[in-house]
Every structure is written in C-alpha cells, then in structure tokens.
Amino acid sequence: MTYYVVFEGRVPGVYEEWEECKKQVHKFSGNCYKGYPTRHEAVAKWRKHQSNKSKMKMKIFLVLSLLLIIIAVIEIKKEHQVLMVNKTTGFKKQGKSKGKFKKGGKKAATPPMKPKNGPKPDAECYYCKEKGHWKRNCSKYRLI
C-alpha cells in the first residue's frame with residue numbers, strides 16, 4: 001500500500017488513499033506531494049518537513065527582528081546629527097593654482113549679440129496673408 005504526503009495543498013498531511021490526496025492537491029496552485037511505500041517513511045518525511053518549516057519561520061523571525069533593531073538604531077543616530085554650515089561668500093578652491101592663468105591677464109572678448117529669432121517685418125502669414133507675423137502667432141488662426 002502506498003502512503004501519500006501532501007506538503008503543500010488544501011490540508012497538508014499524510015494520506016492513505018490516492019483519492020483523498022488528490023482532493024487536497026488537484027487544482028491547488030503550488031501543490032507539492034509525494035508517495036512513499038511505508039507509513040513509517042511517510043510520517044518521518046512529514047515530521048522532517050514540519051521541523052524544517054518551523055526552523056525557516058524562526059530564521060525569518062530572527063532576521064526581521066535584527067532588521068527592526070538596526071532601523072531603530074539608525075533612527076536614533078539621525079536624531080543626534082548636526083548640520084554645520086560654513087559662512088563664506090565664495091566657493092573658490094584654496095591651494096596652489098597650476099599656473100595656467102595669470103592675475104591681471106587679458107580677459108576673453110565677449111561674443112557679439114545675435115539678433116533675436118522671430119518674424120522679419122516683411123514676413124507674410126501663410127494663413128491670413130498679412131505681413132509682420134507668422135501663422136503660429138496669427139490671431140485669426142488661433143480662433144479656429
């Protein structure tokens with residue numbers, strides 16, 4: 001006679017009949033079961049599975065407890081931090097320069113001002129055929 005152990009199912013446990021086992025695992029997402037030739041072997045595997053499961057729960061509990069303690073310690077340390085601000089007017093680097101620039105040297109010439117983009121006075125609107133504006137700025141076109 002074969003004995004079945006349902007590790008993951010509707011009601012996990014040891015079953016003597018396949019029909020009982022099938023009721024627990026059929027259409028159960030993530031089911032896990034196995035058949036064993038003797039009842040002694042099936043019960044031993046079931047107990048081992050249960051002890052491993054409880055050990056895993058204890059490990060998870062321990063890890064979560066440690067995480068909570070670490071978070072609490074970090075929060076306590078954050079409360080005692082002080083931000084110091086240096087009152088300076090400039091953010092220049094202090095130290096020796098590499099000699100690339102001389103004090104009182106020539107200043108770079110400023111580039112000439114470019115004319116602003118926009119319609120020329122003789123530009124013609126493609127919509128209303130008036131001069132001095134583009135179609136995107138046309139008051140008649142915007143009313144549409």
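All values below were derived from every heavy atom in this structure, side-chain atoms included, with hydrogens, water molecules and symmetry-related copies excluded. Residues: numbered from 1 along the sequence shown.
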Count the heavy atoms of every other residue, nucleotide or ligand shown that sit under 6.0 Å from CZ of Arg47, and state whether that count exceeds 12.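 At most 12 heavy atoms, drawn from other residues, nucleotides or ligands, come within 6.0 Å of this atom.
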Roughly how far apart are Gln24 CD and Glu8 CD, rounded to 0.5 Å?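 Answer rounded to 0.5 Å: 12.5 Å.
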Heavy-atom check, side chain of Asn137 versus side chain of Arg142, under 4.5 Å: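 Side-chain contact under 4.5 Å: yes.
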Distance, nearest 0.5 Å, that separates NZ of Lys129 from NZ of Lys135: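 Between Lys129 NZ and Lys135 NZ, I get 9.5 Å after rounding to 0.5 Å.
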Would you compute the distance between atom NE2 of His26 and atom CG of Asn31 and round it to the nearest 0.5 angstrom?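 With rounding to 0.5 Å, NE2 (His26) is 10.0 Å from CG (Asn31).
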Among all residues two or more places apart in sequence or in another chain, which pass the side chain to side chain donor-acceptor pair (under 3.5 Å) test with Glu130? Lys140
Approximate separation, where rounding is to 0.5 Å, of Lys23 NZ and Glu19 CD: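 Answer for the NZ-CD pair, Lys23 versus Glu19, is 7.5 Å.
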Between His133 and Cys128, does a side chain to side chain contact (heavy atoms under 4.5 Å, CB included) hold up when you go through it step by step? CA-CA 10 Å; His133 65 273; Cys128 68; 3.4 Å; yes
Residues, nucleotides or ligands: over 12 heavy atoms within 6.0 Å of Met56 CE: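 Atom CE in Met56 is not packed in, count stays at 12 or less.
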So for atom CZ, which belongs to Phe28, do other residues, nucleotides or ligands contribute more than 12 heavy atoms lying within a distance under 6.0 Å?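 Yes, the 6.0 Å shell around CZ holds more than 12 heavy atoms from other groups.
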Members sharing Leu66's hydrophobic cluster, built from side-chain contacts under 4.5 Å between Ile, Leu, Val, Met, Phe, Trp and Tyr, are Leu62
Shared-cluster residues of Trp134, by chain and number - hydrophobic side chains joined below 4.5 Å: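 Grouped by the 4.5 Å side-chain rule, Trp134 forms a cluster of one, so the answer is none.
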Ring pair (Phe, Tyr, Trp, His ring centres under 6.0 Å) filter on Tyr141, not counting sequence neighbours, yields Tyr127
CZ on Phe7 to NZ on Lys45, rounded to 0.5 Å: 7.5 Å
Interatomic distance, Ser54 atom OG to Lys59 atom NZ [nearest 0.5 angstrom]: 10.5 Å
Glu17, CD atom: more than 12 neighbouring heavy atoms under 6.0 Å: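 Incorrect, the count does not exceed 12.
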Excluding sequence neighbours, so at least two apart, what forms salt bridge (Lys or Arg N to Asp or Glu O under 4.0 Å) with Glu16?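 Counting only residues at least two positions away or on another chain, Glu16 forms a salt bridge (Lys or Arg N to Asp or Glu O under 4.0 Å) with Arg39.
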When clusters are formed from ILVMFWY side-chain contacts under 4.5 Å, directly or step by step, what else is grouped with Val11? Tyr4, Val6, Tyr15, Trp18, Val25, Tyr33
Are any non-hydrogen side-chain atoms of Trp46 and Pro12 less than 4.5 angstrom apart?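 Yes, side chains in contact.
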